[in-house]
Amino acid sequence: QAQLVESGGGLVQAGGSLRLSCAASGLTFSDYHMGWFRQAPGKEREFVATISGAGDFTNYADSVKGRFTISRDNAKNTGYLQMNSLKVEDTAVYYCAAGRRGAIYSRLYQYWGQGTQVTVST
């Protein structure tokens, strides 16, 4: 049974950094694209970033481009989201997901983690 577990969320001041991790089990991790999504209170879940199974292709939402970096270590079955220059508007629950296709649409991902809260204060 596939499972994704996020960690690394927390409270940080604006301008600070956090690194989220997504530990995968029960699936051949390198066969799957990995995506990060986020959902703020009262808003729909939105795409943040995605990376191909081999790690050779990435795509970012415009709102995080240049500040966030997605990566993965297939030997450790773990994906990462490095978040720098954080803004208050980055506050949300962040979810990692795995899918056979890399996409900006959440419905194309088969497996999801439980989410980790990121709160950015002024």
Side-chain angles (χ1 to χ4, degrees):
Q1 180 176 344
Q3 187 175 19
L4 302 177
V5 179
E6 302 97 335
S7 61
L11 174 65
V12 64
Q13 286 191 324
S17 299
L18 281 175
R19 187 175 83 155
L20 305 183
S21 298
C22 175
S25 60
L27 74 167
T28 304
F29 186 55
S30 58
D31 285 350
Y32 289 81
H33 294 256
M34 187 187 72
W36 286 94
F37 292 77
R38 65 187 182 186
Q39 188 166 18
K43 294 187 177 181
E44 292 187 353
R45 190 170 298 188
E46 66 173 0
F47 167 76
V48 175
T50 188
I51 187 168
S52 61
D56 53 353
F57 173 80
T58 58
N59 189 29
Y60 296 89
D62 287 343
S63 59
V64 305
K65 203 171 291 183
R67 299 188 298 122
F68 290 12
T69 302
I70 190 171
S71 63
R72 64 192 298 159
D73 185 339
N74 288 340
K76 295 182 178 179
N77 288 342
T78 302
Y80 305 97
L81 185 68
Q82 177 68 43
M83 306 185 294
N84 299 328
S85 301
L86 282 161
K87 304 176 181 180
V88 171
E89 51 264 42
D90 293 319
T91 295
V93 177
Y94 283 71
Y95 299 89
C96 68
R100 289 292 191 174
R101 296 172 57 187
I104 65 173
Y105 304 107
S106 59
R107 66 180 183 272
L108 295 180
Y109 290 82
Q110 287 79 49
Y111 304 108
W112 290 83
Q114 82 289 350
T116 186
Q117 176 70 47
V118 172
T119 303
V120 184
S121 64
T122 55

- prompt: Taking the side chain from N74 and the backbone from A54, do they hold a donor-acceptor pair closer than 3.5 Å?
  reply: no

Atom CD of E44 with >12 non-hydrogen neighbours under 6.0 angstrom: no

task: Check for a donor-acceptor pair, side chain of Q39 on one end and backbone N or O of A92 on the other, with a separation under 3.5 Å.
output: no

field: Which atom of S21 lies closest to which atom of T78, heavy atoms considered
entry: CB-CG2, 4.3 Å

- request: State the CZ-OG1 distance between R72 and T58, to the nearest 0.5 angstrom.
  value: 12.0 Å

task: Treating Ile, Leu, Val, Met, Phe, Trp and Tyr as nodes and any side-chain heavy-atom pair under 4.5 angstrom as an edge, say whether V5 and V93 lie in one connected cluster.
output: no

query: What pairs with S52 under side-chain contact (heavy atoms from CB on, under 4.5 Å), at least two apart in sequence or on another chain?
result: H33, D56, F57

field: Least distance between heavy atoms, S63 atom then R38 atom
entry: OG-NH2, 3.5 Å

message: Suppose we screen for side-chain contact (heavy atoms from CB on, under 4.5 Å). Which residues come up paired with S17, at least two apart in sequence or across chains?
response: Q82, N84

message: Using 0.5 Å steps for rounding, measure from the CG atom of L27 to the CD atom of Q3.
response: 10.5 Å

- prompt: Does a salt bridge link K65 with D62, judged by any charged N lying under 4.0 Å from a carboxylate O?
  reply: yes

- prompt: Which distance, rounded to the nearest 0.5 Å, do you find between the CD of Q1 and the OG of S25?
  reply: 9.0 Å

- request: Would you mind listing the cluster partners of M83? Hydrophobic ones only (ILVMFWY), side-chain contacts under 4.5 Å, chaining allowed.
  value: V12, L18, L20, F29, M34, W36, V48, I51, Y60, V64, F68, I70, L81, L86, Y94, V118, V120

- prompt: Please walk me through it: do D90 and R67 pass side-chain contact (heavy atoms from CB on, under 4.5 Å)?
  reply: CA-CA 11 Å; D90 293 319; R67 299 188 298 122; 2.7 Å; yes

message: Could you tell me if the side chain of I104 sits less than 4.5 Å from the side chain of E46, heavy atoms only?
response: no

message: Running the 4.5 Å side-chain criterion over Ile, Leu, Val, Met, Phe, Trp and Tyr, what cluster does V88 land in, apart from itself?
response: none

Check: Q117 and T91 side chains under 4.5 Å, non-hydrogen atoms: yes

field: Those residues that, when tested against Y111, pass ring-ring contact (aromatic ring centres under 6.0 Å, His included) (two or more places apart)
entry: Y32

task: Name all residues meeting the ring-ring contact (aromatic ring centres under 6.0 Å, His included) criterion together with Y109; count only those two or more places apart in sequence or in a different chain, and write none if there are none.
output: F37

- request: Under the side-chain contact (heavy atoms from CB on, under 4.5 Å) rule, what do L4 and Y95 come out as? Steps first, then yes or no, please.
  value: CA-CA 9 Å; L4 302 177; Y95 299 89; over 6 Å; no

field: CG on D73 to OG on S30, rounded to 0.5 Å
entry: 11.5 Å

